[in-house]
There are 2 protein chains.
Amino acid sequence: MHRHDGHDACWTDAGDMLARAEATCRERGLQFTPLRREVLEAVAGSGKAQGAYDIAERLSAPGKRVAPVSVYRALDFLMEQGLVHRIASRNAFIPCAHEHAPGEGVIFLICRSCGAVDEASSADVEGGLGRTLERAGFTPTRSILEVEGDCGLCRGQGGAP
Amino acid sequence: MHRHDGHDACWTDAGDMLARAEATCRERGLQFTPLRREVLEAVAGSGKAQGAYDIAERLSAPGKRVAPVSVYRALDFLMEQGLVHRIASRNAFIPCAHEHAPGEGVIFLICRSCGAVDEASSADVEGGLGRTLERAGFTPTRSILEVEGDCGLCRGQGGAP
DNA sequence: GCGGGTTTGTTACAGTGTATCACCGCCAGC
DNA sequence: GCTGGCGGTGATACACTGTAACAAACCCGC
């Protein structure tokens, strides 16, 4: 399981992630274009989940506007490649913190104080969910599990920094 | 656990639900106003999850417009009372199909063919999730668990009706 | 009746996401 | 070299989702 080691060092190194993204795309014969790289950097640049419009604003500069629609396209691509996750309860995006086994479920732990999003996984939860779905006669294709609360660091500090 | 017994009879009787809503509000000293009743009926009237704007449109008639903002307020109230659930992955709302034990987690099973949303709960999943969160040092306040897939009926029929 | 709280109506607006078309760059094939 | 296709990007417009702010109506106890 992935654990916080500090509010600003929550994610794996940005360099690692970019290298992994590049490798993944090359391997699959897909283009890791400058825009896609910048969007991934922007998503990873903050410890928090980023909205598409936040990303667009962050990438825009006087004389170089990045439209939200471009950001959405890049995000769609990055999500398809499993490099970025979408947080449905926030309409926001986070970089994928690690490689997932194919089909492995992810649990998002969203801190309501500092806004950081941690990823966890649990065979325990998955097993229980699988059994529950089977009992219900339901064949899953995708599942979303998001938990809001207080991360250990924030609780220790008694609130947001 | 709640089970489908047909595409059009998925929910508990609308009458039951309205009676329950009325009782809940009376018991808590809250008003079950005509608007709130209509919104609850509209949410329950279709087997599918309804968007707020769909509900507004459905409640509007020539000469009597119901604005989305009013629907949102009614939905907020109904959600606070636990009479309606929000499906984060769809930005849509469904009636609560049964009484939940306080603090009990709910699993939403969303059929991608027929759009019906079933509710399930599982002590198994909750236990596993609780242990996982504890290991992560995370204190939960709210959790969302939504599974998309094919319900038994649709899979049996090989698709949407 | 009056004051105060709650509910609803109305308008305006912010935020989120998609459709559509045009343009560019690249590369295979002639 | 030219051309035609294809994926990526830019740009505009638009639909959908949700909230803020204020006014009017309503209800209830005094």
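Chain naming here is simple, since letters A, B, ... match the order of the sequence lines and numbering starts at 1 in each.
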#### Entry: Audit row: B/Thr24, B/Gln81, side-chain hydrogen bond (donor to acceptor under 3.5 Å, both in side chains) steps and yes/no
CA-CA 8 Å; B/Thr24 302; B/Gln81 307 314 316; over 6 Å; no
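- The CG-C1' distance, from A/Asp76 to C/dT16, rounds to 13 Å in whole Å.
- Regarding A/Asp54, its CG atom lies at a distance of 13 Å from the C1' atom of C/dA14, rounded to whole Å.
- The residue B/Val66 sits apart from the nucleic acid: no heavy atom pair falls under 4.0 Å.
- Atom pair A/Glu80:CD and D/dG8:C1' shows a separation of 14 Å (rounding to whole Å applied).
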Pair up each side-chain donor or acceptor in residues 49-57 of chain A with any protein partner under 3.5 Å, not counting sequence neighbours, and list the distances.
unit_1, atom_1, unit_2, atom_2, d
A/Gln50, NE2, A/Ser46, OG, 3.1
A/Asp54, OD2, A/Gly51, N, 3.3

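- Distance, A/Arg65 CZ to D/dT9 C1': 13 Å, rounded to whole Å.
- Residues B/Glu41 and B/Arg58 are not in side-chain contact: their nearest non-hydrogen atoms beyond the backbone lie 4.5 Å or more apart.
- Remark: the backbone N or O of B/Gly105 is paired with a side-chain donor or acceptor of B/Glu126 at under 3.5 angstrom.
- Among the protein residues, A/Arg90 comes within range of no part of the nucleic acid, since none of its heavy atoms lies under 4.0 Å from any strand.
- As a whole-Å value, the separation of A/Leu78 CG from D/dT9 P is 10 Å.
- When every heavy atom of A/Met79 is checked against every heavy atom of A/Val84, the shortest pair comes out as CG-O, 3.4 Å.
- Side-chain N/O atoms of B/Tyr72 include one lying less than 4.0 angstrom from OP1 or OP2 on D/dG18.
- Looking at A/Glu146, its side chain does come within 3.5 Å of a backbone N or O of A/Ser89 through a donor-acceptor pair.
- Here B/Asn91 does not reach the OP1 or OP2 of D/dC16: none of its side-chain N or O atoms lies under 4.0 Å away.
- Under a cut-off of 6.0 angstrom, the local environment of CD in A/Glu22 is crowded, with over 12 non-hydrogen atoms contributed by other residues, nucleotides or ligands.
- With rounding to whole Å, B/Lys64 atom NZ is found 16 Å from C/dT10 atom C1'.
- Computed from coordinates, the A/Leu75 CG to C/dG17 C1' distance equals 11 Å when rounded to whole Å.
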Hey, what are the protein-to-nucleotides 3-8 of chain C N/O distances that come in under 3.5 Å?
unit_1, atom_1, unit_2, atom_2, d
C/dT7, OP1, B/Arg36, NH1, 3.3
C/dT7, OP1, B/Arg36, NH2, 3.4
C/dT7, O5', B/Arg36, NH2, 3.3
C/dT8, OP1, B/Thr33, OG1, 2.4

